[in-house]
Amino acid sequence: MKSVIVLGGGGFIGGHLAKRLKDEGCHVRIADIKNHEFWNHEEICHEFIKCDLTDPKAVELVINEECDELYQLAADMGGAGYIFTGENDANVMHNSCLINLNVAKECVEKRVKKVFYSSSACMYPEYNQLDPDNPNCTESSAYPANPDSEYGWEKLFSERIFLAFSRNYKLNVRIARFHNIFGPQGTWTGGKEKAPAAMIRKVCEASEGDSIEVWGDGKQTRSFLHVAECVEAVLRLMSSNFEGPVNIGSEEMVTINELANIAINISGKSISIKNIEGEEFKKKYGFPCPTGVRGRNSHNQLFKEKVGWSVSQTLEQGMIDTFPWINKQVSNL
Ligand code: NAD
């Protein structure tokens, strides 16, 4: 039986990944600072260790010599309302750096056979993402570095931690840069939710004839990948011989208003969009509108080339799959 550890398995992607690995017959140990909000632990793992991975002693306890594969997804993170306001910068950098420093070192100590690290598209330089219709997120465009958030800088630094441990200590690593992952059992309210969940929640809460608020002018572009395809891509990357870093995302780029319209159409309600930005936003929320870069899209050629597989689900299919789950959470409030 393959023995795997999922750090951050109490979170969204980590929970889905742990469940898939358990369903496939692996022995799964999760470590997270919090319980999974939407799954009982028995559904997703054999062992759940609740601990703070910024503490090296905790990491020492969690990572054992029997571990065949370790998936490092623990991070202090959230959606635009958490990452781009500036208020959480110190914690995001301090906590996530400590986790990755501890984990890389301990994986070498315990001779873990293979390690996955989840980086983010937020590490790409802002200067390549100013044109919403033509962003450049090829893997080779990472340098000269200039991410637009401290979260992005931390991800870039942590990629380099794992790559340095690979060079100097022969740690067998796989690194992926996730682009906006969404789906059921993810954060859908409270400020840490991402755009697809926020749009669906707003639509579910709205009544016929209402308008929903969309941050920014709505013309900023992004692509979004359903979590099931993200997990499939991670497992395929792990089985490949390619270290990365490599993008895991969708190439179906939409504007944020188009994303909102997909959610509205699924609901069948007649709802309009109210874009909020500038002074109006600042007056209402007390901080500048946190929309991030103007354009971002995944670029999947390298993944196809090196791993030999491509994502295929449309954004609409993923939203149709996610909608009922968020609708149920809203109804249960
Ligand atoms: P998430 O917030 O749901 O999961 C992260 C988990 O890490 C949480 O359960 C959290 O409790 C845990 N954690 C945070 N600090 C910890 C600590 N000190 N000790 C132990 N556990 C701690 O986020 P997610 O969306 O599942 O993201 C997983 C990984 O993928 C993260 O590294 C994130 O940066 C990366 N990523 C996600 C996306 C996305 O769209 N969801 C995009 C790019 C990168």
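Counting convention: from 1, in listed order, for ligands and their atoms alike. Side chains are part of it too, since the values below use all heavy atoms of this structure and drop only hydrogens, waters and symmetry mates.
- Ion pairing between a basic and an acidic side chain is recognised when a charged N comes within 4.0 Å of a carboxylate O; Glu252 and Arg222 show no such pairing.
- Taking any N or O of Asp32, backbone or side chain, at least one lies under 3.5 Å from an N or O belonging to ligand 1.
- Within the 4.0 Å heavy-atom shell around ligand 1 one does not find Ala121.
- Taking both residues in full, the closest heavy atoms of Ile273 and Ala260 are given as CD1-CB, 3.7 Å, listed atom of the first, atom of the second, then distance.
- Within the structure, ligand 1 lacks Ala31 among the residues with a heavy atom less than 4.0 angstrom away.
- Contact annotation: Tyr151 has at least one heavy atom less than 4.0 Å from an atom of ligand 1.
- Counting heavy atoms under 4.0 Å from ligand 1, residue Cys122 does not touch it at all.
- Residue contacts with ligand 1 for Asn95 are absent, since no atom lies close enough (heavy atoms, distance under 4.0 Å).
- By the 4.0 Å heavy-atom criterion, Asp52 is counted among the residues contacting ligand 1.
- Not a single N or O atom of Thr187, backbone or side chain, sits closer than 3.5 Å to an N or O atom of ligand 1.
- Remark: Leu53 CG to Leu98 CG distance equals 11.0 Å, nearest 0.5 Å.
- The aromatic rings of His46 and His27 sit parallel to each other, their planes meeting at less than 30°, with 60° as the upper class boundary.
- Ion pairing between Glu43 and Lys19 fails under the 4.0 Å rule for side-chain N and carboxylate O.
- The shortest heavy-atom distance from His36 to ligand 1 is not under 4.0 Å.
- Ring planes of Tyr285 and Phe287: tilted class, angle from 30 to 60°.
- A donor-acceptor pair under 3.5 Å is absent between the side-chain atoms of Asp321 and the main chain of Gln317, judged by distance alone.
- Residue contacts with ligand 1, taken as heavy atom pairs separated by less than 4.0 Å, do not involve Lys192 at all.
- Considering both main-chain and side-chain atoms, Ile181 comes within under 3.5 Å of ligand 1 through a nitrogen or oxygen pair.
- With a 4.0 Å cut-off on non-hydrogen atoms, Asn180 touches ligand 1 through its backbone and not its side chain.
- By the 30° and 60° cut-offs, the orientation of the rings of His41 relative to Phe48 is parallel.
- In terms of polar-atom proximity, Met77 is not counted as a contact of ligand 1, lacking any N or O under 3.5 Å from an N or O of the ligand.
- When non-hydrogen atoms are compared, ligand 1 lies under 4.0 Å from neither the backbone nor the side chain of His179.
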